Engineer: 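Attaching a single structure in structure tokens format; questions to follow.
Letters A, B, ... mirror the listed sequences (proteins, then strands); counts begin at 1. What you see below is based on every heavy atom in this structure, not just the backbone, and it leaves out hydrogens, waters and symmetry mates. Keep in mind the model is a prediction, meaning the values are calculated, not measured.
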Protein chains: 2
Amino acid sequence: MAASPTASPATLHDVAREAGVSLATASRSLNGSTRKVNDEYRQRVLAAAARLNYSPNFSAQAVAKGSTSTVALLVSDIADPYFSSIAAGVIRAAETQGLIVTMAVTERSTERELELVRALRGQRPRVMILTGSRSDGSESQAALVAELKAFAATGGRVVLISQEGLPFSTVVVDNYLGARALANSLVGQGYRRFAAIGGARTLVTSRDRLAGFADGLAEHGIAIHPDHIVRGEFTRDGGFAAATELLADGIGQIDLVFAVSDVMAIGAMSAFREAGIVVPRDIAVAGFDDIDTARDVTPALTTVHIPLADLGQQAVELALSDAALSSDEVIRVETRVVLRASSPQL
Amino acid sequence: MAASPTASPATLHDVAREAGVSLATASRSLNGSTRKVNDEYRQRVLAAAARLNYSPNFSAQAVAKGSTSTVALLVSDIADPYFSSIAAGVIRAAETQGLIVTMAVTERSTERELELVRALRGQRPRVMILTGSRSDGSESQAALVAELKAFAATGGRVVLISQEGLPFSTVVVDNYLGARALANSLVGQGYRRFAAIGGARTLVTSRDRLAGFADGLAEHGIAIHPDHIVRGEFTRDGGFAAATELLADGIGQIDLVFAVSDVMAIGAMSAFREAGIVVPRDIAVAGFDDIDTARDVTPALTTVHIPLADLGQQAVELALSDAALSSDEVIRVETRVVLRASSPQL
DNA sequence: CGCAGTGCGGAATGCGTTTTCCCACATATT
DNA sequence: AATATGTGGGAAAACGCATTCCGCACTGCG
């Protein structure tokens, strides 16, 4: 029983010996290979494996077959519900395919993202999924693309989530259209005077949503005063800070503030609450993403629904499908405006 | 440029040939081995590696050295902020050690957990971290322990998060004490008539928190009427359902409802809101965990703070420290009552 | 000038698998 | 009865890399 403190795991070799068969037969018995093996032998091997508590060494298998069964996932911040929901979808889809997922977080830094992609290549994952908003004009952008191309050139599949314009297969959300639809709905609710909270100017997602929103308003002859567009980090605290800034300027002229993401919107709502501003009585709020907590804040948050978990799921399916070989297949997922109590009919 | 559609990645062998050195020299140049290598050779190798876009094959390295650099993390549900915060801590700590983390989700099923542990063993991770509440009386429990012991016996480190009583190193939260302190604080706030929302009866975490809370109240001669303890799934929807059940019985006799987790509390708050019950005017609410959104709901949620990310971080540190060898080191993290607007002074 | 020591490149070995290749044997075909 | 055609086990060769061991060219010392 009390083995030496740190014996090494049983190997296939041990199993073969224990079962009195060859390595080849043991291997064939334990993983449905194409070759058949006599049922008696197979049983012997299975029994021996169980007896020895054998567990195949994935690394060795990977080396031998020249391919792994892992999918690597890159997110900006796993504690952010936007990303954790996507991750849940990725993991779910991966598991049904018998794939293991490894995760790394970029902390919203493009440089870090590049480093991680470089490192992750060493895993030889079957699939690499990148999510998080692209930031254009970045120096590392070209290097990132090169690195991903190198990965793809050696048989790896790359899928991007929610970031168009890069030469890889992508699952995109129509941020522009969603934001435009939201603007239309809000005007329909009776709102006329808007403010917006955005992320960094280079963040594509933020820009698209802002643009869509502005264009949606424009259809009704409404414009957002430039002073009423404030920016912050793409986080809860960023939203909080931006809202605080907005408050400093006075919100007398504003009916509703649109934040480009739910987490920012929720940060903003907290800022309002702390300032004694009551949503939606004093000011209405709308977000984007429809994260789980959007319906649990008070008032429940008006937003644009994105099927987050589906995004992740579709990403791995796209990666595994042959369509991904074409290198720039695009799956577009639908968004849907969800009006809630944070923007009641006026 | 247009290589064959799917060339294989450059190997160390290729690099060595390109640099005109031996395999050994190439290996030594690319990963700070103990042996020194002439600077000129090293430069040649580095240049060749860059030219060929070489990326070391982790699997092969793992096979060669007989050890990997991955930590496997098991969570119940990555979309749950409780787990995603812990995961963030684990990932952060792992990355600083140059470790890769792989993740799997158990969906709160002990059977699934067992399957996953079995599968994960194949990765030969350096560390395996299990989180999620233990459910005692489960059939799979013994099998799980056996599997983990087998893993530990072959040099693997096992660390549990927030689940005492199993023969492994653990990072525990003092649920009992935290809940008791919360009860005391709430009584101090003037509350006297309580209800509670718990998870399944077998869930250790739920039970400890309930027990602590009850004992805390008992110190003041207060008891919760058995009818006022309702149970549901350990999720937002579970909290919602439990609160709905509570409402059906009438909440006239209740000042405050304590939910054993923030997500359940938030679900409960949503149920109240939908029923037109105003928190905290009509009923106060308190939770446990202090997930990020606890401060962002309205009213902000009174809860017991757990440094979730630290939990994850400490788990990997514990795993990597030699203390883990003793097989049942326990790190106890402090909790702290956080009174917020959901339970104002009466 | 000889000898022990040292520094460092290279050949070879091994890690745990899968997979090819060879071969013995059984069965089917003429 | 003799040959063709599977069928399936086993030996051995990969797979990509780390590392041990060997040997060569120096260096320093007496």
Side-chain angles (χ1 to χ4, degrees), chain A residues 6-46 48-49 52-70 121-125 154-156, chain B residues 6-46 48-49 52-70 121-125 154-156:
Chain A
T6 205
S8 36
T11 73
L12 188 58
H13 201 87
D14 299 332
V15 175
R17 182 157 22 81
E18 170 88 8
V21 301
S22 78
L23 213 53
T25 304
S27 171
R28 295 197 266 250
S29 310
L30 287 173
N31 66 8
S33 95
T34 42
R35 287 273 303 259
K36 263 192 230 165
V37 27
N38 183 308
D39 207 49
E40 188 203 323
Y41 282 103
R42 139 170 286 122
Q43 294 306 333
R44 281 230 302 270
V45 172
L46 261 39
L52 297 181
N53 215 325
Y54 172 73
S55 157
N57 183 321
F58 290 175
S59 294
Q61 288 186 323
V63 171
K65 5 189 190 203
S67 81
T68 66
S69 50
T70 82
R121 268 184 63 200
Q123 286 192 50
R124 303 282 185 275
T154 57
Chain B
T6 206
S8 36
T11 73
L12 187 58
H13 201 88
D14 299 332
V15 174
R17 182 156 21 81
E18 170 89 8
V21 301
S22 79
L23 213 54
T25 304
S27 171
R28 294 197 268 250
S29 311
L30 288 173
N31 66 10
S33 96
T34 43
R35 288 271 304 260
K36 264 193 231 164
V37 29
N38 183 307
D39 207 49
E40 187 203 325
Y41 281 97
R42 138 169 289 124
Q43 293 306 333
R44 280 232 302 271
V45 172
L46 262 39
L52 296 181
N53 216 326
Y54 171 73
S55 157
N57 184 321
F58 291 175
S59 294
Q61 288 188 327
V63 171
K65 352 193 201 206
S67 83
T68 66
S69 50
T70 80
R121 269 184 63 201
Q123 285 191 50
R124 302 283 185 275
T154 56

Engineer: Can you tell me how far CZ of B:Phe58 sits from CZ of A:Arg121, rounded to the nearest 0.5 angstrom?
Structural biologist: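 Taking CZ in A:Arg121 and CZ in B:Phe58, the distance rounds to 10.5 Å.
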Engineer: Quick check: closest heavy atoms across B:Thr70 and B:Gln123, and the distance to 0.1 Å?
Structural biologist: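 Result for this residue pair: OG1-OE1, 3.8 Å.
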Engineer: Distance check needed: C:dC15 P versus A:Leu12 CG, whole Å only.
Structural biologist: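 After rounding, the reported distance stands at 14 Å.
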Engineer: Side chains of A:Pro9 and A:Asn57: does their closest heavy-atom pair fall under 4.5 Å?
Structural biologist: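 Sidechains of A:Asn57 and A:Pro9: no contact.
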Engineer: Does A:Ser22 make a side-chain N or O approach to OP1 or OP2 of D:dG9 shorter than 4.0 Å?
Structural biologist: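 So the side-chain polar atoms of A:Ser22 never come under 4.0 Å of the phosphate oxygens OP1 or OP2 of D:dG9.
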Engineer: Looking only at non-hydrogen atoms, find the nearest pair between B:Val45 and B:Val15 and report the distance.
Structural biologist: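 So the minimum-distance heavy-atom pair works out to O-CG1, 3.9 Å.
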Engineer: Please give me the minimum heavy-atom distance between A:Ala49 and A:Leu30, naming the atom from each residue.
Structural biologist: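 Shortest heavy-atom contact: CB-CD2, 4.1 Å.
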Engineer: Can you find a side chain N or O atom of A:Thr25 that sits less than 4.0 Å from OP1 or OP2 on D:dG10?
Structural biologist: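 Answer is yes, contact under 4.0 Å.
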Engineer: Heavy-atom contacts under 4.0 Å between residues 53-68 of chain B and DNA chain C, which residues?
Structural biologist: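 Contacts with DNA chain C under 4.0 Å: B:Val63, B:Ala64.
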Engineer: Kindly say whether, by distance alone, the side chain of B:Arg124 makes a donor-acceptor pair under 3.5 Å with the base of C:dG16?
Structural biologist: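 Side chain to base: no pair below 3.5 Å.
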Engineer: Specify the separation, in whole Å, of atom NE2 of A:His13 and atom P of D:dA11.
Structural biologist: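 Distance, rounded to whole Å: 10 Å.
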Engineer: Expressed as a whole number of angstroms, how long is the span from A:Asn31:CG to C:dT17:C1'?
Structural biologist: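 Distance, rounded to whole Å: 9 Å.
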Engineer: Using the closest heavy atom to pick a nucleotide of DNA chain C for each, name whichever of A:Pro9 or A:Ala24 lands nearer the 5' end.
Structural biologist: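 On the 5' side of the pair lies A:Pro9.
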Engineer: Roughly how many Å is it from CG in B:Asn38 to C1' in D:dC24, rounded to a whole number?
Structural biologist: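 Between C1' of D:dC24 and CG of B:Asn38: 15 Å.
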Engineer: Quick check: closest heavy atoms across B:Val21 and B:Tyr41, and the distance to 0.1 Å?
Structural biologist: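 Taking B:Val21 first and B:Tyr41 second, the nearest heavy atoms are CG1-CD2, 3.3 Å.
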Engineer: Could you state the atom-to-atom distance from CZ of A:Arg42 to P of D:dG8 in whole Å?
Structural biologist: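 After rounding, the gap between these two atoms is 11 Å.
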Engineer: Can you measure A:Asp39 atom CG to D:dT7 atom C1' for me and round it to whole angstrom units?
Structural biologist: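 So the CG-C1' distance, A:Asp39 to D:dT7, works out to 15 Å.
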Engineer: Going by modelled atom types, is there a donor-acceptor pair between the base of D:dG9 and the side chain of A:Arg35 at under 3.5 Å?
Structural biologist: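 Side chain to base: pair present.
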Engineer: Provide the closest heavy-atom pair for B:Leu46 versus B:Ser29 in the form atom of the first, atom of the second, distance.
Structural biologist: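 Looking at all heavy atoms of both residues, the shortest contact is CD1-O, 4.0 Å.
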Engineer: Closest approach of A:Ser59 and B:Thr68, non-hydrogen atoms and distance?
Structural biologist: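 Minimum heavy-atom contact is OG-CG2, 4.1 Å.
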Engineer: Please report the end-to-end axis angle for the helix from C:dC1-D:dG30 to C:dT30-D:dA1, five pairs per end, rounded to 10 degrees.
Structural biologist: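 Rounded to the nearest 10 degrees, the bend comes out at 50°.
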Engineer: Rounded to the nearest Å, what distance is computed from the CG atom of residue A:Leu30 to the P atom of nucleotide C:dT18?
Structural biologist: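 That distance rounds to 8 Å.
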Engineer: Which is more 5' along DNA chain D, the nucleotide nearest A:Tyr41 or the one nearest A:Leu23? Just name the residue.
Structural biologist: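 By nearest-heavy-atom nucleotide position, the 5'-most residue is A:Tyr41.
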Engineer: Once you round it to whole Å, what is the distance between C1' of C:dC25 and NZ of A:Lys36?
Structural biologist: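 Roughly 17 Å, once rounded to whole Å.
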Engineer: So, applying side-chain hydrogen bond (donor to acceptor under 3.5 Å, both in side chains) with A:Glu40, which one of A:Gln43, A:Arg44, A:Arg42 is it?
Structural biologist: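 It is A:Arg44; the other options fail the test.
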